[in-house]
Amino acid sequence: MQARASRGHVVFELASCLLASPQRASMLAMLPLYGGLLGAQQWFGIQLAQWTGRMMDALVQRDAAAFREVVPMLFGVVTVLLLASGTGMYINLLLKMRARTALTKPWLRRWLDGGEVYRLERERLIDNPDQRIAEDLNLIVDKTLALLLGGVSALAGVWLLSAQLWQRGGALAYQVAGHAGSIAGHLFWIAVLYSVLDLLLTRLIARPQIGLNVRQQHVEADFRFGLVQVREHAEQIAFHRGGAMEVERLRQCFQLVRGNWYRLIAFQAGFNVFSTAAGLVSGLLMYFVLGPRVLSGAMTIGELVTLSSLFGQALGSLNWLAGAWKQIVEWLAVLRRLDEMKRAMAQPSTSGIALDEAKGLSLHDLQLSLPDGQPLLTVGDLRIAAGQRWLLRGPSGLGKSTLLRAIAGLWPHGVGRIEVPPAGRVMFMPQKSYLPWDRLKAVLAYPRSAQDYPDDACRRALVECCLPQLADHLDDVDRWSMRLSLGEQQRLAFARALLARPAFLFLDESTSALDERTEAHLYRLLLDRLPLAALVSVAHRPSLESFHTHGLNLSATRPAQVVPLGAST
């Protein structure tokens, strides 16, 4: 019951996103327009069946005049039917893209805002959230519209075609044990009974596919993610000569894809055999039911063709639920994956560290721990004022980078309180910065807009940070994380800091790939251009002590100790 209620809630959230979209008026207008086109297709389908029957009678009777009269009408009906079908398809596809846009934007915002993307990955709450946004939202729109509009079309078809069957099929006379009677609208009742039987058997055969479809999406996404990882780390894999190991790792991922696929196609093959058999039987059924009336002369061949066509269309409408069961199975599988992502994003973060916004940076009784609760680092009380320059020191693996994560609000494990300036005044420079696949100027401006900085300022920052070869390539679009070496990426991060001018700058091994001369140049550049900024560095090189006013010696066994360093304030 809990899963069912949660799934209903995600349906409500998806509907809310659609109704909150700026394009909701156009989407709502498209629905009745498309419904009208579906109704027109149903009506012209009936006309096509009638004119086809007249053409068959003209051929049987060798009536050339009647045939010449029927053919233009038949072609006219077909032309209008095709126009209605093409227009309906265009509106359908346009509606799908607008609905997908209305869903994708808010889900992207919720996934990326507030560090949610990092929390989902850190706590491993769900797998492949990117696939759920890129593919599952598209699938949910596609299958929801197909089911919704298909259901409306089926209802219209049942109403229009059943009346035709009832009137044209007449009553079925019977005599059983001396009692004579008749069944009015017997063709309609045959279609109803056939569709009910088809639905029951379809549900029985297709039910196991729900879990297998969910599993298939999981393993397919894992395999794609593995391929992307290889592409992103091609150089490192080549250096390690790790091609054979990656082949084996991806082969194991693909083995899961293949194994589940074999189980899935066994059910799909059986379902396909049943669907094909049901279609063949329904196509021949009217010839057996109405054949005796044709042989007795009570019905013409044309009337048989017309009724057979109407029966097939009516059965298609009545049998829509059985035919759509595979789509319903896939729709439920996609909905389940979106529900998992929604619940993961809604799950509150259980943090023992209070994070408050303030003008400066202060730590109060701060103790960091591992996710399992094991103590990691005791910091205690600390206040960092504007213009101060702090160097965090300690052995590797102690938790220096974790301390910066806690200050950024990305590490919830521990106790204490942190007062931190607003996000716009703080900047973090990790050992390897994120470089988006974009114009170089946009990479420099990240996370702000490229329009916030003039080109001359960007070129000057690149030259000052020892990247003069990039100064004339601000409009180049490239995969900069692959094109630039780690040293070049670190110099680019310093250029980014010069443009952003943060009040508090945290550098986590930000010069590890640079020689000491370049490192000294970049630190002197920061001190000259950002004299009022507070710098907090994590590093192991003793050469950096001269650029800092305070040292914080961290230890796993005792509270952090503050020591003065040689730099002047």
Side-chain angles (χ1 to χ4, degrees), residues 112-113 115 357 359-361 384 386-390 404 407-410 420-515 517-539 544 547-548:
L112 293 173
D113 278 358
E357 188 173 298
K359 292 183 178 180
L361 176 64
I384 298 178
Q388 292 183 342
R389 304 188 292 278
W390 288 74
L404 298 191
I407 294 174
L410 302 178
V420 65
R425 302 184 62 215
V426 178
M427 182 175 182
F428 291 84
M429 287 174 53
Q431 186 176 23
K432 185 176 175 62
S433 295
Y434 170 63
L435 306 182
W437 189 349
D438 207 331
R439 294 167 55 219
L440 179 59
K441 186 179 179 183
V443 174
L444 273 172
Y446 187 85
R448 298 177 62 177
S449 171
Q451 306 301 322
D452 292 344
Y453 304 111
D455 289 356
D456 289 341
C458 294
R459 294 189 186 98
R460 184 168 57 252
L462 288 171
V463 171
E464 290 176 338
C465 292
C466 308
L467 292 171
Q469 71 275 17
L470 298 179
D472 294 327
H473 297 275
L474 293 179
D475 291 326
D476 288 7
V477 177
D478 207 333
R479 298 175 64 190
W480 299 103
S481 60
M482 301 289 289
R483 173 174 168 177
L484 302 179
S485 68
L486 182 56
E488 289 174 321
Q489 293 181 43
Q490 290 183 346
R491 282 176 270 164
L492 185 65
F494 274 84
R496 189 184 272 174
L498 292 180
L499 291 172
R501 303 186 63 82
F504 289 81
L505 180 60
F506 298 86
L507 302 98
D508 186 5
E509 299 284 357
S510 302
T511 57
S512 60
L514 302 176
D515 59 87
R517 181 179 178 181
T518 304
E519 177 186 71
H521 166 74
L522 293 176
Y523 263 90
R524 282 194 295 267
L525 193 60
L526 286 181
L527 300 184
D528 179 56
R529 296 301 174 84
L530 306 175
L532 299 180
L535 303 184
V536 180
S537 300
V538 172
L544 285 178
F547 298 101
H548 296 82

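In this structure the side chain of Leu530 never reaches within 4.5 angstrom of the side chain of Leu525, judged on heavy atoms. You'll find the side chain of Asp478 stays beyond 4.5 Å of the side chain of Leu484, heavy atoms only. Using a 4.5 Å heavy-atom cutoff, the side chains of Leu507 and Leu526 are in contact.
A distance of 9.5 Å separates OH in Tyr453 from CG in Leu444, rounded to the nearest 0.5 Å. Atoms CG and SG, from Leu498 and Cys465 in turn, are 4.5 Å apart once rounded to the nearest 0.5 Å. To the nearest 0.5 Å, the span separating NE2 on His521 from CZ on Phe494 amounts to 10.0 Å. In this structure, Leu470 CG and Asp476 CG are separated by 9.0 Å, a value rounded to the nearest 0.5 Å.
Under 3.5 Å, the side chains of Asp515 and Thr518 contain a donor-acceptor pair of N or O atoms.
Counting only residues at least two apart or in different chains, salt bridge (charged side-chain N to carboxylate O under 4.0 Å, His left out) contacts with residues 487-496 are absent.
When atom types are taken as modelled, the side chain of Trp480 and the backbone of Asp438 share a donor-acceptor pair closer than 3.5 angstrom. A distance-only check finds a donor-acceptor pair linking the side chain of Gln490 to the backbone of Ala513 [under 3.5 Å].
In this structure, Tyr446 and Tyr434 have perpendicular ring planes: the angle between them is above 60°, well past the 30° mark.
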